[in-house]
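None of these values were measured; they are calculated from a predicted model.
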Amino acid sequence: MWKNNKGYSLVELIIVIAIMALLTGTAFFSISMIFSAGAKACANSMKEALAENKVIAMGKSEAKLEIYRGDDECVYVIQWMKQKKSDAWIPKETDEEGNAVPEKIGNSRVAVTYRAKDGSMGLLKNAGDSIELCYDRGSGSFSDKSEGCILCETIWVKGGSRSYKLTLVELTGKVTVELE
């Protein structure tokens with residue numbers, strides 16, 4: 001006579017556990033990639049802003065790029081140009097009231113750390129923290145001749161489980177981005 005067993009077999013249990021492990025791994029990987037996407041976008045936007053600032057510096061006048069953490073904890077950049085007549089720094093883009101218009105390049109989950117040429121380290125952690133990077137008009141190289149500007153060797157942008165390294169070459173003004 002056949003008995004009516006209402007339980008699960010060992011094979012069925014192993015298959016269910018394998019499917020759950022696969023789904024959990026996929027979900028973890030997906031969430032990790034979502035949080036890491038912000039860091040990649042921030043690093044690439046920073047590189048583009050630096051390249052644009054270099055073109056401005058070599059074409060028109062002295063230029064600098066300010067990277068800072070805003071009141072909403074997001075990362076922003078403002079491109080500045082020096083007026084030839086008054087030696088005052090003016091923003092590249094302004095609103096109707098003449099205020100600088102920042103470009104948002106990173107969300108609040110992105111961490112930005114930098115190392116200056118002198119070896120000192122900095123972190124854009126709190127609202128108002130900033131760094132200014134300047135280009136030399138004649139050569140296109142990074143410069144610290146303008147007030148507030150630093151010579152920066154490396155900028156790290158971290159988000160989620162990924163970290164991107166921007167390497168700034170002082171003599172050429174070249175910026176490269178690589179996954180660390």
Side-chain angles (χ1 to χ4, degrees), residues 30-57 61-83 87-136 140-170 173-180:
S30 298
I31 290 171
S32 173
M33 290 303 290
I34 288 169
F35 287 120
S36 299
K40 183 177 184 179
C42 183
N44 287 330
S45 295
M46 201 177 294
K47 179 183 177 185
E48 290 171 13
L50 283 162
E52 184 179 348
N53 200 253
K54 180 179 179 179
V55 170
I56 291 169
S61 63
E62 280 187 69
K64 68 179 177 179
L65 184 74
E66 179 182 6
I67 304 168
Y68 71 97
R69 186 147 320 255
D71 293 334
D72 58 355
E73 299 297 318
C74 294
V75 181
Y76 293 91
V77 296
I78 299 178
Q79 299 203 33
W80 297 90
M81 300 179 296
K82 199 169 211 180
Q83 280 186 331
D87 276 349
W89 289 100
I90 59 167
K92 179 184 171 218
E93 293 184 38
T94 58
D95 59 14
E96 51 277 345
E97 297 171 358
N99 298 321
V101 176
E103 177 187 352
K104 182 178 176 181
I105 61 169
N107 59 33
S108 60
R109 292 185 300 263
V110 172
V112 178
T113 310
Y114 63 91
R115 180 177 57 223
K117 185 178 179 184
D118 63 6
S120 63
M121 299 289 287
L123 173 64
L124 303 183
K125 182 178 180 181
N126 302 315
D129 291 348
S130 69
I131 57 171
E132 292 180 359
L133 305 169
C134 299
Y135 283 99
D136 180 59
S141 62
F142 287 105
S143 170
D144 61 351
K145 294 176 185 171
S146 295
E147 184 178 336
C149 292
I150 64 166
L151 285 176
C152 192
E153 289 182 339
T154 311
I155 300 174
W156 291 274
V157 180
K158 183 173 174 43
S161 61
R162 303 252 174 152
S163 180
Y164 292 89
K165 177 181 176 183
L166 284 87
T167 305
L168 290 74
V169 181
E170 178 187 351
K174 183 178 178 182
V175 179
T176 59
V177 178
E178 60 186 290
L179 178 64
E180 260 197 341

Which pair of heavy atoms, one from [X] and one from [Y], lies closest together, and at what distance?
| X | Y | result |
| --- | --- | --- |
| D144 | C149 | CB-O, 3.7 Å |
| C152 | L168 | O-CB, 3.4 Å |
| K125 | D129 | N-OD2, 3.1 Å |
| I56 | A63 | CG2-CB, 3.9 Å |
| W80 | E66 | NE1-OE1, 3.1 Å |
| A39 | V157 | O-CG1, 3.5 Å |

### Task
Rounded to the nearest 0.5 Å, what's the gap from NZ on K47 to NZ on K174? Could you check?
8.0 Å

### Message
Using only atom types and a distance under 3.5 Å, with no angle test, would you say the side chain of N53 pairs donor to acceptor with the backbone of K64?
### Response
yes

Partners passing side chain to side chain donor-acceptor pair (under 3.5 Å) against [X] (at least two apart in sequence or in another chain):
| X | answer |
| --- | --- |
| K82 | none |
| N107 | none |
| Y68 | none |
| E180 | W156 |

#### Entry: Among L65, V101, L50, the one residue meeting side chain to side chain contact (heavy atoms under 4.5 Å, CB included) with Q79
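Per the side chain to side chain contact (heavy atoms under 4.5 Å, CB included) rule, the option paired with Q79 is L65, out of L65, V101, L50.
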
### Query
Pick from L151, V175, I150, V77: which one makes a side chain to side chain contact (heavy atoms under 4.5 Å, CB included) with L133?
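Answer to the side chain to side chain contact (heavy atoms under 4.5 Å, CB included) test with L133 among L151, V175, I150, V77: I150.
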
Taking side chain to side chain contact (heavy atoms under 4.5 Å, CB included) as the definition, give me every residue that meets it alongside [X], ordered by chain and number, with sequence neighbours left out.
| X | value |
| --- | --- |
| S141 | D136, S139 |
| E96 | none |
| A51 | none |

### Of all pairs that satisfy ring pair (Phe, Tyr, Trp, His ring centres under 6.0 Å), the ones with a partner from residues 115-135, not counting sequence neighbours
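Found Y135-F142.
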
### Message
Can you confirm whether more than 12 heavy atoms, excluding those of E178, are under 6.0 Å from its CD atom?
### Response
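Yes, the 6.0 Å shell around CD holds more than 12 heavy atoms from other groups.
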
### Query
Is D71 atom CG crowded by more than 12 heavy atoms from other residues, nucleotides or ligands, each under 6.0 Å away?
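It does not: D71 CG has 12 such atoms or fewer within range.
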
Table please: side-chain donor-acceptor pairs of residues 108-117 below 3.5 Å, with sequence neighbours left out.
from: R115; atom 1: NE; to: E153; atom 2: OE1; distance (Å): 3.4
from: R115; atom 1: NH2; to: T154; atom 2: OG1; distance (Å): 3.3
from: K117; atom 1: NZ; to: E170; atom 2: OE1; distance (Å): 2.8

### Sequence-distant partners of K92, salt bridge (Lys or Arg N to Asp or Glu O under 4.0 Å), two or more places apart
E52

#### Entry: C74: partners by disulfide bond (SG atoms under 2.5 Å apart), with sequence neighbours left out
none

For residues 158-166, which side-chain donor-acceptor pairs fall under 3.5 Å, sequence neighbours excluded?
from: S161; atom 1: OG; to: S32; atom 2: OG; distance (Å): 2.7

